[in-house]
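In what follows, residues are counted from 1 in the order of the sequence shown.
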Amino acid sequence: MGKKIFIISSSFRPHSNSRALCEAVADGAREAGNAVEIVNLSGKKISFCTGCYACQKLHHCVQNDDANEICRKICEADAVVFGTPVYYFGIAAQLKAVLDRCVQFWPEPAGKPYYLVATMADAPHFEYVIGSIKGFVECFDGATLAGTVLADGVYEQDAVRTTKFMKEAYELGKSI
Ligand SMILES: Cc1cc2nc3c(=O)[nH]c(=O)nc-3n(C[C@H](O)[C@H](O)[C@H](O)COP(=O)(O)O)c2cc1C
(Lines give C-alpha, C1' and ligand atoms only; values in the text may rest on other atoms or scores of the structure.)
Protein backbone atom coordinates (compact mmCIF):
# COMPACT_ATOMS: atom_id res chain seq x y z
CA MET A 1 0.00 0.00 0.00
CA GLY A 2 1.54 3.33 -1.07
CA LYS A 3 1.78 6.46 0.99
CA LYS A 4 -0.50 9.46 0.74
CA ILE A 5 1.69 12.34 -0.43
CA PHE A 6 0.41 15.89 -0.43
CA ILE A 7 2.30 18.52 -2.46
CA ILE A 8 1.67 22.25 -2.10
CA SER A 9 2.91 24.35 -5.01
CA SER A 10 2.94 28.00 -3.96
CA SER A 11 3.93 29.99 -7.03
CA PHE A 12 1.24 32.03 -8.76
CA ARG A 13 3.35 32.25 -11.92
CA PRO A 14 2.36 30.46 -15.13
CA HIS A 15 5.18 28.10 -16.21
CA SER A 16 6.52 28.26 -12.68
CA ASN A 17 9.89 26.71 -11.94
CA SER A 18 8.98 25.49 -8.48
CA ARG A 19 5.75 23.97 -9.85
CA ALA A 20 7.72 22.11 -12.53
CA LEU A 21 9.84 20.62 -9.75
CA CYS A 22 6.76 19.77 -7.68
CA GLU A 23 5.36 17.92 -10.69
CA ALA A 24 8.63 16.01 -11.10
CA VAL A 25 8.47 15.05 -7.41
CA ALA A 26 4.88 13.88 -8.02
CA ASP A 27 5.94 11.79 -11.04
CA GLY A 28 8.64 10.06 -8.99
CA ALA A 29 6.33 9.50 -6.04
CA ARG A 30 3.63 7.99 -8.27
CA GLU A 31 6.24 5.81 -9.99
CA ALA A 32 7.11 4.44 -6.56
CA GLY A 33 3.46 3.45 -6.01
CA ASN A 34 2.24 6.29 -3.85
CA ALA A 35 -0.99 8.28 -4.06
CA VAL A 36 -0.16 11.89 -4.83
CA GLU A 37 -2.21 15.05 -4.68
CA ILE A 38 -0.86 18.45 -5.76
CA VAL A 39 -2.58 21.66 -4.82
CA ASN A 40 -1.64 24.96 -6.48
CA LEU A 41 -2.13 27.93 -4.20
CA SER A 42 -2.75 30.10 -7.27
CA GLY A 43 -6.45 30.95 -7.33
CA LYS A 44 -7.04 29.80 -3.76
CA LYS A 45 -8.50 32.06 -1.14
CA ILE A 46 -6.10 32.06 1.79
CA SER A 47 -6.55 34.62 4.53
CA PHE A 48 -3.95 35.33 7.17
CA CYS A 49 -4.10 33.83 10.64
CA THR A 50 -5.35 36.61 12.94
CA GLY A 51 -4.05 34.91 16.09
CA CYS A 52 -7.54 35.00 17.64
CA TYR A 53 -7.14 31.43 19.02
CA ALA A 54 -10.84 30.70 18.53
CA CYS A 55 -9.58 27.42 17.05
CA GLN A 56 -8.34 26.31 20.47
CA LYS A 57 -11.95 26.12 21.67
CA LEU A 58 -13.73 25.33 18.41
CA HIS A 59 -11.10 23.00 16.88
CA HIS A 60 -11.57 24.76 13.56
CA CYS A 61 -10.80 28.19 12.16
CA VAL A 62 -13.51 30.86 12.16
CA GLN A 63 -12.36 32.01 8.72
CA ASN A 64 -14.07 30.19 5.89
CA ASP A 65 -11.65 29.88 2.98
CA ASP A 66 -9.50 27.37 1.12
CA ALA A 67 -6.78 27.25 3.77
CA ASN A 68 -8.87 25.03 6.04
CA GLU A 69 -9.00 22.14 3.59
CA ILE A 70 -5.35 22.56 2.62
CA CYS A 71 -4.31 22.43 6.28
CA ARG A 72 -6.51 19.40 6.89
CA LYS A 73 -4.80 17.62 3.99
CA ILE A 74 -1.42 18.39 5.56
CA CYS A 75 -2.65 16.62 8.70
CA GLU A 76 -3.99 13.61 6.80
CA ALA A 77 -0.98 13.03 4.53
CA ASP A 78 1.80 10.54 5.23
CA ALA A 79 4.31 12.99 3.74
CA VAL A 80 4.08 16.64 2.68
CA VAL A 81 6.08 18.56 0.06
CA PHE A 82 6.25 22.35 0.14
CA GLY A 83 7.14 24.02 -3.15
CA THR A 84 8.04 27.70 -3.13
CA PRO A 85 9.73 30.38 -5.18
CA VAL A 86 12.36 32.23 -3.18
CA TYR A 87 11.19 35.78 -2.49
CA TYR A 88 13.74 38.05 -0.80
CA PHE A 89 15.58 34.90 0.30
CA GLY A 90 12.50 33.62 2.13
CA ILE A 91 9.45 31.51 1.31
CA ALA A 92 6.48 32.95 -0.60
CA ALA A 93 3.98 34.78 1.61
CA GLN A 94 1.11 32.58 0.44
CA LEU A 95 2.90 29.46 1.72
CA LYS A 96 3.66 31.14 5.02
CA ALA A 97 -0.02 32.03 5.32
CA VAL A 98 -0.94 28.35 4.92
CA LEU A 99 1.62 27.28 7.52
CA ASP A 100 0.25 29.84 9.98
CA ARG A 101 -3.33 28.70 9.42
CA CYS A 102 -2.29 25.14 10.42
CA VAL A 103 -2.39 26.33 14.02
CA GLN A 104 -6.10 25.44 13.93
CA PHE A 105 -5.11 21.75 13.80
CA TRP A 106 -2.41 21.94 16.42
CA PRO A 107 -0.73 19.49 17.21
CA GLU A 108 -1.86 17.24 14.36
CA PRO A 109 0.71 17.98 11.65
CA ALA A 110 3.17 15.84 13.70
CA GLY A 111 5.02 12.58 13.08
CA LYS A 112 5.71 12.72 9.37
CA PRO A 113 8.40 13.72 6.90
CA TYR A 114 8.23 17.08 5.18
CA TYR A 115 10.12 18.02 2.04
CA LEU A 116 11.09 21.38 0.55
CA VAL A 117 11.37 22.32 -3.10
CA ALA A 118 12.56 25.88 -3.78
CA THR A 119 13.77 27.87 -6.77
CA MET A 120 15.75 31.08 -6.92
CA ALA A 121 17.45 33.19 -9.57
CA ASP A 122 20.82 33.86 -8.02
CA ALA A 123 23.57 31.74 -6.53
CA PRO A 124 22.37 29.35 -3.80
CA HIS A 125 21.39 31.07 -0.60
CA PHE A 126 18.59 28.96 0.83
CA GLU A 127 19.23 29.26 4.56
CA TYR A 128 16.23 31.49 5.32
CA VAL A 129 13.93 29.32 3.24
CA ILE A 130 15.13 26.20 5.05
CA GLY A 131 14.86 28.09 8.34
CA SER A 132 11.21 29.01 7.69
CA ILE A 133 10.25 25.43 6.91
CA LYS A 134 12.24 24.10 9.86
CA GLY A 135 10.53 26.67 12.06
CA PHE A 136 7.23 25.03 11.15
CA VAL A 137 8.36 21.40 11.22
CA GLU A 138 10.19 21.63 14.51
CA CYS A 139 7.00 22.76 16.24
CA PHE A 140 5.44 19.33 15.72
CA ASP A 141 6.56 16.15 17.52
CA GLY A 142 8.26 13.65 15.28
CA ALA A 143 8.03 15.84 12.18
CA THR A 144 11.24 16.16 10.19
CA LEU A 145 12.55 18.05 7.21
CA ALA A 146 13.51 14.87 5.40
CA GLY A 147 14.72 16.15 2.03
CA THR A 148 15.15 19.17 -0.19
CA VAL A 149 15.54 20.17 -3.82
CA LEU A 150 17.12 23.62 -3.89
CA ALA A 151 17.40 24.96 -7.42
CA ASP A 152 19.49 28.08 -7.88
CA GLY A 153 20.19 30.00 -11.09
CA VAL A 154 16.62 29.78 -12.41
CA TYR A 155 14.96 33.09 -13.12
CA GLU A 156 12.82 32.95 -16.26
CA GLN A 157 9.67 30.88 -16.46
CA ASP A 158 10.38 27.19 -17.19
CA ALA A 159 14.15 27.79 -16.83
CA VAL A 160 14.42 24.87 -14.42
CA ARG A 161 13.17 22.36 -16.98
CA THR A 162 16.59 22.04 -18.66
CA THR A 163 18.54 21.68 -15.41
CA LYS A 164 19.74 18.73 -13.34
CA PHE A 165 17.19 19.71 -10.70
CA MET A 166 14.31 18.04 -12.58
CA LYS A 167 15.93 14.61 -12.14
CA GLU A 168 16.83 15.45 -8.57
CA ALA A 169 13.18 16.26 -7.91
CA TYR A 170 12.00 13.06 -9.59
CA GLU A 171 14.46 11.00 -7.51
CA LEU A 172 13.35 12.78 -4.34
CA GLY A 173 9.75 11.84 -5.19
CA LYS A 174 10.74 8.21 -5.69
CA SER A 175 12.51 8.14 -2.35
CA ILE A 176 9.61 9.42 -0.24
C1 LIG B 1 9.04 39.23 -5.25
C2 LIG B 1 10.19 38.42 -5.76
C3 LIG B 1 11.30 38.28 -4.97
C4 LIG B 1 12.38 37.53 -5.41
N5 LIG B 1 13.46 37.41 -4.59
C6 LIG B 1 14.52 36.68 -5.01
C7 LIG B 1 15.66 36.54 -4.19
O8 LIG B 1 15.72 37.05 -3.06
N9 LIG B 1 16.72 35.83 -4.66
C10 LIG B 1 16.69 35.26 -5.89
O11 LIG B 1 17.67 34.63 -6.27
N12 LIG B 1 15.59 35.32 -6.68
C13 LIG B 1 14.51 36.03 -6.28
N14 LIG B 1 13.40 36.12 -7.08
C15 LIG B 1 13.34 35.33 -8.35
C16 LIG B 1 12.61 34.00 -8.17
O17 LIG B 1 12.96 33.34 -6.98
C18 LIG B 1 12.87 33.05 -9.34
O19 LIG B 1 12.49 33.64 -10.56
C20 LIG B 1 12.17 31.72 -9.16
O21 LIG B 1 12.62 30.79 -10.12
C22 LIG B 1 10.66 31.87 -9.25
O23 LIG B 1 10.04 30.62 -9.05
P24 LIG B 1 8.62 30.30 -9.73
O25 LIG B 1 8.85 30.28 -11.24
O26 LIG B 1 8.25 28.97 -9.21
O27 LIG B 1 7.67 31.38 -9.33
C28 LIG B 1 12.32 36.88 -6.67
C29 LIG B 1 11.17 37.04 -7.47
C30 LIG B 1 10.13 37.80 -7.03
C31 LIG B 1 8.90 37.94 -7.91
Contacts under 3.5 angstrom, residues 74-83 side chains, donor-acceptor by atom type, not counting sequence neighbours:
| residue | atom | partner | partner atom | Å |
| --- | --- | --- | --- | --- |
| Glu76 | OE1 | Arg72 | NH1 | 3.0 |
| Glu76 | OE2 | Arg72 | NH1 | 2.8 |
| Asp78 | OD2 | Lys4 | N | 2.7 |

Name every donor-acceptor pair, under 3.5 Å, that has one atom in a side chain of residues 50-57 and the other anywhere in the protein, sequence neighbours excluded.
none

Counting only pairs under 3.5 Å, give me each side-chain donor-acceptor contact of residues 145-166, with atom names and distances, residues two or more places apart or in other chains.
| residue | atom | partner | partner atom | Å |
| --- | --- | --- | --- | --- |
| Gln157 | NE2 | Pro14 | O | 2.7 |
| Asp158 | OD1 | Arg161 | NE | 2.8 |
| Asp158 | OD2 | His15 | ND1 | 3.2 |
| Thr162 | OG1 | Ala159 | O | 3.4 |
| Thr163 | OG1 | Val160 | O | 2.7 |
| Thr163 | OG1 | Phe165 | N | 3.2 |

>> Pair His60, Asn68 - check side-chain contact (heavy atoms from CB on, under 4.5 Å), show working.
In response: CA-CA 8 Å; His60 64 82; Asn68 298 333; over 6 Å; no
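- Remark: Lys73 engages Glu37, Glu69 in a side chain to side chain donor-acceptor pair (under 3.5 Å) (not counting sequence neighbours).
- Asp141 contributes no side-chain N or O that, together with a main-chain N or O of Ala110, makes up a donor-acceptor pair within less than 3.5 Å.
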> Please walk me through it: do Ile133 and Ile91 pass side-chain contact (heavy atoms from CB on, under 4.5 Å)?
Replying inline: CA-CA 8 Å; Ile133 298 302; Ile91 64 173; 4.2 Å; yes
Return all side-chain donor-acceptor pairs below 3.5 angstrom for residues 169-176, not counting sequence neighbours, or 'none' if the list is empty.
| residue | atom | partner | partner atom | Å |
| --- | --- | --- | --- | --- |
| Ser175 | OG | Leu172 | O | 2.7 |

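- Annotation: side-chain hydrogen bond (donor to acceptor under 3.5 Å, both in side chains) contacts involving residues 84-99, sequence neighbours excluded, comprise Lys96-Asp100.
- Applying the side chain to side chain donor-acceptor pair (under 3.5 Å) criterion to Lys112, with sequence neighbours excluded, gives no partner residue.
- In this model, no donor atom of one side chain and acceptor atom of the other lie less than 3.5 Å apart for Arg19 and Ser11.
- In this structure, Asn17 and Pro85 have side chains that are not in contact, with every pair of non-hydrogen atoms separated by 4.5 Å or more.
- Take Arg101 and apply the salt bridge (charged side-chain N to carboxylate O under 4.0 Å, His left out) test, not counting sequence neighbours, and it matches Asp65.
- Ala97 meets the side-chain contact (heavy atoms from CB on, under 4.5 Å) test with Ile46, Phe48; sequence neighbours excluded.
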Let me check something: any side-chain donor-acceptor pairs from residues 114-129 under 3.5 Å, sequence neighbours excluded? List them with distances.
| residue | atom | partner | partner atom | Å |
| --- | --- | --- | --- | --- |
| Tyr114 | OH | Pro109 | O | 2.6 |
| His125 | ND1 | Glu127 | OE2 | 3.3 |

